[in-house]
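None of these values were measured; they are calculated from a predicted model.
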Amino acid sequence: MANPKSDFLRIVTERGFVHQCTDADGIDAETAKGPMPAYIGFDATATSLHAGSLLPIMLLRWLQKTGNKPIVLMGGGTTRVGDPSGKDESRKLLTDEQIADNIAGIKRVFAKFLTFGDGPTDAVMVNNDDWLRGLNYIDFLRDIGRHFTINRMLSFDSVKLRLDREQPLTFLEFNYMILQAYDFMELNKRVGCKMQMGGSDQWGNIVNGIELTRRVSGNEVFGLTVPLLTTSGGAKMGKTASGAIWLDGDQLSPYDYWQFWRNTDDADVGRFLRLFTDMDIAEIAKLEALEGSEINEAKKILAHEATSLLHGAAAAEAAAETARKTFDAGQIANDLPTVEIPRGDLEAGIGILDILNRAGLAASNGEARRLIKNGGARLNDEKIASDSMTVTLSDLMDEGVIKLSSGKKRHILVRPA
RNA sequence: GGAGGGAUGCCCGAGUGGUUAAAGGGGACGGGCUGUAAACCCGUUGGCUUAGCCUACGUUGGUUCGAAUCCAACUCCCUCCA
């Protein structure tokens, strides 16, 4: 829409969060009027979220910052069934206890981005297990199932594409969209939730929830989706050499998180600044316009802002300083990711292949050997020439550490313990 | 229920008795260029105690000096017919 009256719609639109939405005027009016409760659903399949979830999290953040009420829906109930969307191996079913742990871990992440509480614009976290677990199949069919026609369900892309490609679609999966629609209806009933947001692949499910809510209660509710995020290189967002970009300091250090953002493609810098930081849009436009190597400054700012949001400004500063020492000054930064190795092992001497493995720079001796052969392995910044060398206490530098590197970017400090 | 097609390394995909740890592509990792970009070029890409050994072409057996390759049974997937 041309000129949104509400802060919410104006901001998320100009920042590039909106892929598509239902009735923009309606959303605009509702969010302009006062606290509108809106929700996004998240899986509870892991103990932490990763960067792929950041986009919807930021959307909730803006929702709250513009005076509305974010609802975080944990898919505890649907996780209990097992998410069928994967292709081959069926998901290992999680125990209730694991799911509870996962939800607790995930909530810690949300607490960094949202303010939780009981106030009108405070975020709340709910679990669809609360209403899904007790469902009675026959009642559900009579009350909810009658609002869905197979004809229509078959027309949704998520279903149609599968059928067109002649891929199997289980009944469970076919029902998934109904459960999700039910979630929306239930949230509308319980807490007056008026909008569901989610990834663009959720559009069909969201629309179903809107229709179900209208049919059952007559209430008008809305939907909004965020774009599917890929880097301009076409890669899926949130992966790196060492694995997923976890939003949890124990699984991915603030330094590595900072590095992830620092290594953003030139072409993505402006887009990412708008999506993943709170920075002023005009300021971003200036940074985005930087040419050539100057864009590196914009990347550092992106890394700083994004890391500050998740890990705090102090951690972001420390990460920046570590990176500066490591890359610009050629010094040993003391808080690079560290691996501890028993002093006794070092006294006895550890084979270089072994220590590369232990530092997590290689997944097997073969990989370590390859790394050395290709000239990518370094010990205290000296190229490792032989795969038969031994690392001992005498390799400790003045700082009391041994620095191991794979390539130019991955550095690990080994500390005797 | 009947007829036919298929299952190969992280993914896609070639290979129909030995020179096959298995073409090619993608991805990933390393090197070069550079700006800790992109694009491009080069290399590597099952494991190990590495001139050797082990594991691997859906599963289990069989034929053979030798099998991803031939045979049998089984599992799963797909197509057509009913």
Side-chain angles (χ1 to χ4, degrees), chain A residues 86-90 162-170 173 230-245 253-273 287-304 306-307 316 319-333 336-337 349-357 359-379 381-390 403-412:
Chain A
K87 303 154 225 169
D88 301 333
E89 80 265 32
S90 60
R162 284 285 272 287
L163 296 180
D164 286 350
R165 283 168 44 230
E166 291 168 347
Q167 296 296 312
L169 176 74
T170 64
E173 200 164 0
T230 54
T231 67
S232 52
K236 211 185 290 175
M237 181 79 186
K239 288 278 186 176
T240 185
S242 33
I245 302 299
S253 70
Y255 169 75
D256 285 325
Y257 191 72
W258 192 93
Q259 278 293 322
F260 168 71
W261 294 105
R262 171 64 185 81
N263 284 302
T264 299
D265 285 7
D266 283 9
D268 292 326
V269 172
R271 196 160 54 108
F272 285 5
L273 278 166
L287 290 172
E288 192 177 20
L290 291 173
E291 297 280 339
S293 63
E294 290 187 352
I295 195 112
N296 283 332
E297 290 311 309
K299 292 184 190 180
K300 286 176 190 167
I301 291 169
L302 170 62
H304 176 80
T307 308
E321 179 58 15
T322 301
R324 194 191 63 75
K325 281 185 188 163
T326 304
F327 289 98
D328 299 341
Q331 299 169 354
I332 304 300
L336 280 170
I350 302 179
I352 187 67
L353 299 180
D354 192 15
I355 203 168
L356 283 170
N357 270 297
L361 294 176
S364 69
N365 285 359
E367 200 173 293
R369 205 165 281 159
R370 225 172 283 138
L371 186 66
I372 293 168
K373 196 175 102 199
N374 288 332
R378 281 190 301 286
L379 170 72
D381 293 324
E382 297 286 329
K383 189 179 280 188
I384 296 167
S386 157
D387 59 20
S388 58
M389 74 171 288
T390 300
K403 182 180 177 190
L404 288 170
S405 312
S406 164
K408 283 177 294 192
K409 291 186 191 172
R410 295 176 67 196
H411 307 282
I412 300 283

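The nucleotide whose nearest atom lies closest to any side-chain atom of A/S293 is, among B/A37, B/U36, B/G35, B/G35. With distances taken from any side-chain atom of A/D265 to the nucleotides B/A38, B/G35, B/G30, the minimum falls on B/A38.
Note: CG (A/D266) to C1' (B/U36) measures 12 Å, nearest angstrom. Distance, A/N263 CG to B/U34 C1': 14 Å, rounded to whole Å. A/L290 has its CG atom 13 Å from the C1' atom of B/G35, to the nearest Å. A/D268 places its CG atom 21 Å from the P atom of B/G35, with the value rounded to the nearest Å. A/E291 has its CD atom 18 Å from the P atom of B/A37, to the nearest Å. For the pair A/I295 CD1 and B/U34 C1', the interatomic distance rounds to 15 Å; values are reported in whole Å. The distance from atom CG of A/L361 to atom P of B/A28 is 19 Å, rounded to the nearest whole Å. If you take CH2 of A/W258 and C1' of B/U36, they are 9 Å apart, rounded to a whole angstrom.
Partners of A/E288 under the side chain to side chain donor-acceptor pair (under 3.5 Å) rule, at least two apart in sequence or in another chain, are A/R274. Under the side chain to side chain donor-acceptor pair (under 3.5 Å) criterion, A/N357 pairs with A/N365, not counting sequence neighbours. Residues passing the side-chain contact (heavy atoms from CB on, under 4.5 Å) test with A/A320 are A/W258, sequence neighbours excluded. Every residue meeting the side chain to side chain donor-acceptor pair (under 3.5 Å) condition with A/T322, not counting sequence neighbours, appears here in chain and number order: A/D335. Residues satisfying the salt bridge (charged side-chain N to carboxylate O under 4.0 Å, His left out) test with A/E321, not counting sequence neighbours, are A/R324. A/R378 pairs by the salt bridge (charged side-chain N to carboxylate O under 4.0 Å, His left out) definition with nothing, not counting sequence neighbours. Shown here are the side-chain contact (heavy atoms from CB on, under 4.5 Å) partners of A/L371, two or more places apart in sequence or in another chain: A/A377, A/S406.
Secondary-structure annotation of RNA chain B gives the stems B:1-7 with B:75-81, B:10-12 with B:24-26, B:27-32 with B:40-45, B:46-48 with B:52-54, B:58-62 with B:70-74, with a stem taken as at least 3 successive Watson-Crick or G-U pairs whose two distances both fall under 3.5 Å.
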Close N or O pairs between protein and nucleotides 22-24 of chain B (under 3.5 Å):
none

Using a cutoff of under 3.5 Å, can you pull out all pairs of nitrogen or oxygen atoms linking the protein to nucleotides 40-47 of chain B, with atom names and distances?
from, atom 1, to, atom 2, distance (Å)
B/G43, N2, A/N374, ND2, 3.4
B/U44, O2', A/R370, NE, 3.4
B/G47, OP1, A/S364, OG, 2.9
B/G47, OP2, A/R370, NH2, 2.9

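Spacing of C1' atoms, B/U20 relative to B/G27, comes out at 23 Å, to the nearest Å. Spacing between B/C11 and B/C81 at atom P, rounded to whole Å, works out to 33 Å. Separation of the P atoms belonging to B/A23 and B/U8 is 16 Å when rounded to the nearest angstrom.
Under 4.0 Å is where a charged nitrogen must lie from a carboxylate oxygen, and between A/D381 and A/K403 at least one such pair does.
In terms of polar N and O atoms assigned as donor or acceptor, the side chain of A/K408 comes within less than 3.5 Å of the base of B/U34 in a complementary pairing.
Contacts with RNA chain B (heavy atom under 4.0 Å) in residues 381-390 of chain A: none are found.
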Please tabulate, one pair per line, all N/O donor-acceptor pairs under 3.5 Å involving side-chain atoms of residues 289-300 of chain A, not counting sequence neighbours.
from, atom 1, to, atom 2, distance (Å)
A/N296, ND2, A/S293, O, 3.4
A/K299, NZ, A/T264, O, 2.9
A/K299, NZ, A/D266, OD1, 2.7

